[in-house]
There are 2 protein chains.
Amino acid sequence: MIQNIRVAVDAIVFGYQNGKLYVLLIQQKFGTNETYWALPGGLVGNDEPLKEAVQRELKEETNVEVNYLEQLYTFGDDVYRDTRNRVISVAYFALVDSSKLSIKANTDAEHAQWIEVNQIPNLAFDHNKIVQKAIERLKAKLTYQPIGFDLLPKYFLFSELETLYCTILEKEIDRRNFRKKILSFGFVEETEKISVHNTGRPAKFFQFNTQKYNQLLQEGFHFEIKFA
Amino acid sequence: MIQNIRVAVDAIVFGYQNGKLYVLLIQQKFGTNETYWALPGGLVGNDEPLKEAVQRELKEETNVEVNYLEQLYTFGDDVYRDTRNRVISVAYFALVDSSKLSIKANTDAEHAQWIEVNQIPNLAFDHNKIVQKAIERLKAKLTYQPIGFDLLPKYFLFSELETLYCTILEKEIDRRNFRKKILSFGFVEETEKISVHNTGRPAKFFQFNTQKYNQLLQEGFHFEIKFA
DNA sequence: CTATCTTTGTGTAAACATTACGCATTTATT
DNA sequence: AATAAATGCGTAATGTTTACACAAAGATAG
């Protein structure tokens with residue numbers, strides 16, 4: 001018997017801005033006037049590594065380049081997830097910082113759009129399920145890996161980092177304890193820059209020091225933020 | 001262009017007994033007199049869910065039924081991992097308790113064998129890499145999910161649980177603090193049974209209460225064992 | 001039958017980490 | 001100048017982890 005299974009990749013790309021979490025979706029046409037929302041993705045080339053396939057599809061369909069990319073899960077238990085063919089999908093989890101939240105014009109990218117996570121419509125195939133799994137991963141990782149910084153600009157305020165954690169994890173935390181905890185790690189550094197907003201005391205900008213973090217990792221450090 | 005990619009599943013099954021961790025491997029013949037060790041696995045059927053494919057292959061090739069099964073990772077970045085065809089492999093991570101550590105006779109199962117993890121030979125394809133990733137997953141999960149109990153018999157001694165943790169994580173821990181920590185969770189219960197070994201004070205058998213654990217999970221409980 | 005060995009089971013004090021707040025600081029606004 | 005808003009720093013109370021002392025229960029040897 002000859003195996004006849006298609007292999008696709010799909011990307012769940014998260015972006016964050018002003019206390020809101022977004023997912024990158026594309027609008028696809030089925031037939032003449034029916035449109036569906038779906039995750040960016042497509043079939044893998046015969047000689048193409050999976051990871052490159054995701055990056056290519058993202059580039060083609062949305063013109064977005066991500067800051068962070070890792071494999072999420074392979075969806076292949078529902079044999080009829082695509083009604084036309086047997087297709088398994090290797091889903092990837094990705095993050096972009098807020099500077100990339102505007103779609104750059106591109107042949108196909110016009111159908112791409114950032115949608116707030118609590119306003120995601122019905123998606124094609126099992127894509128709602130995939131997004132759900134990605135959100136769980138994001139929440140989990142936020143507490144044990146410093147991926148929150150990949151969602152923020154290079155220089156950020158502590159209040160921004162704090163509201164990012166609170167909005168994504170849907171929990172409250174004490175501003176002052178959070179700050180102390182993060183600073184105690186030693187890989188978030190104060191910069192010279194100072195933000196002036198319309199109200200309140202001006203705040204220092206901070207930055208994530210990747211090198212310092214990797215060094216600490218090697219010394220056996222283990223990142224963790226507990227949210228009650 | 002027609003996509004021509006094979007989809008395989010591979011299983012990394014761990015077993016534990018007497019302070020030793022084992023992986024289930026099979027001996028395969030290539031050509032006439034060349035033999036290779038490899039992970040159990042094979043191609044997925046056209047109408048077969050991935051998870052069922054693993055279970056079928058395990059049954060066929062090793063006659064083993066596992067206690068715990070979850071998807072590990074999909075290996076598909078090395079385009080030439082199989083030199084004959086483009087094959088991507090969806091790897092699964094599985095556990096059996098010590099009662100299943102003897103291979104039951106079966107047509108194909110004669111080539112299956114439990115090999116100690118620190119004596120794993122060169123394996124076919126990228127299977128050494130896959131096993132490595134599985135070991136990392138096992139170590140990580142042991143600290144934040146109660147999967148250690150799936151490697152032990154239904155009734156076990158605290159000393160057995162303790163040495164399991166110590167051998168797999170390759171670390172020492174204080175016996176008394178470990179016991180207190182585990183018991184504080186409330187899902188490991190004392191039984192009436194008592195073990196009499198040749199030396200020392202007789203020990204109570206304990207058992208894992210799945211129902212209690214699930215109940216605690218719903219109440220927001222989060223399992224965690226820290227190893228210095 | 002008592003001394004010794006070994007493993008199990010219980011307790012407790014010290015060290016460390018987390019939590020809950022109080023309050024001074026620095027700007028913009030009235 | 002007084003007020004408001006957000007930032008930045010400190011400290012006491014509480015909770016958790018670690019290190020270790022020691023009693024308990026059986027096996028063995030003299």
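In what follows, chains carry the letters A, B, and so on, assigned in the order in which the sequence lines appear, proteins first and then strands, with residues in each chain numbered from 1.
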Short side-chain N/O contact to C/dT8 OP1/OP2 from B/Ser159, under 4.0 Å
yes
Within this structure, what is the CG-to-P distance between A/Asp174 and C/dT18, rounded to whole angstrom?
14 Å
With B/Phe223, the ring-ring contact (aromatic ring centres under 6.0 Å, His included) member among B/Phe208, B/Phe149, B/Tyr144, B/Phe185:
B/Phe185
Please examine the side chains of B/Phe221 and B/Tyr213, heavy atoms only from C-beta on, and report whether any two atoms are closer than 4.5 Å.
yes
Take the protein atom CZ of B/Arg201 and the nucleotide atom C1' of C/dT10, then report the distance between them rounded to whole Å.
9 Å
I want to check something: taking the side chain as every heavy atom from C-beta on, are A/Gln113 and A/Trp37 in contact at a cut-off of under 4.5 Å?
yes
d(CZ, B/Phe156; P, C/dT8) in whole Å:
14 Å
Between A/Asn177 and A/Lys181, is any side-chain donor less than 3.5 angstrom from a side-chain acceptor?
no
A/Phe227 atom CZ is separated from C/dT19 atom C1', nearest whole Å, by 13 Å
A/Asp126 and A/Arg81: CA distance, side-chain angles, deciding distance, salt bridge (charged side-chain N to carboxylate O under 4.0 Å, His left out) verdict
CA-CA 6 Å; A/Asp126 54 356; A/Arg81 50 186 297 283; 2.9 Å; yes
Could you go through B/Lys212 and B/Glu189, starting from their C-alpha distance and side-chain angles, then the distance that decides it, and tell me whether this counts as salt bridge (charged side-chain N to carboxylate O under 4.0 Å, His left out)?
CA-CA 10 Å; B/Lys212 188 75 199 254; B/Glu189 295 166 348; over 6 Å; no
Do A/Phe93 and A/Gln71 come within less than 4.5 Å of each other through their side chains, counting heavy atoms only?
no
Find which nucleotide of DNA chain D each of B/Arg175 and B/Lys226 is nearest to by heavy atoms, and output the residue with the more 5' nucleotide.
B/Lys226
Under a 3.5 Å cutoff, is there a donor and acceptor pairing between the side chains of A/Lys100 and A/Asn67?
yes
Kindly state which residues belonging to residues 176-184 of chain A come within less than 4.0 angstrom of DNA chain C, counting heavy atoms of the residue only, listed by number.
A/Arg176, A/Asn177, A/Lys180, A/Lys181
Nucleotide range of DNA chain D lying under 4.0 Å from chain A heavy atoms:
D/dA5 to D/dT11
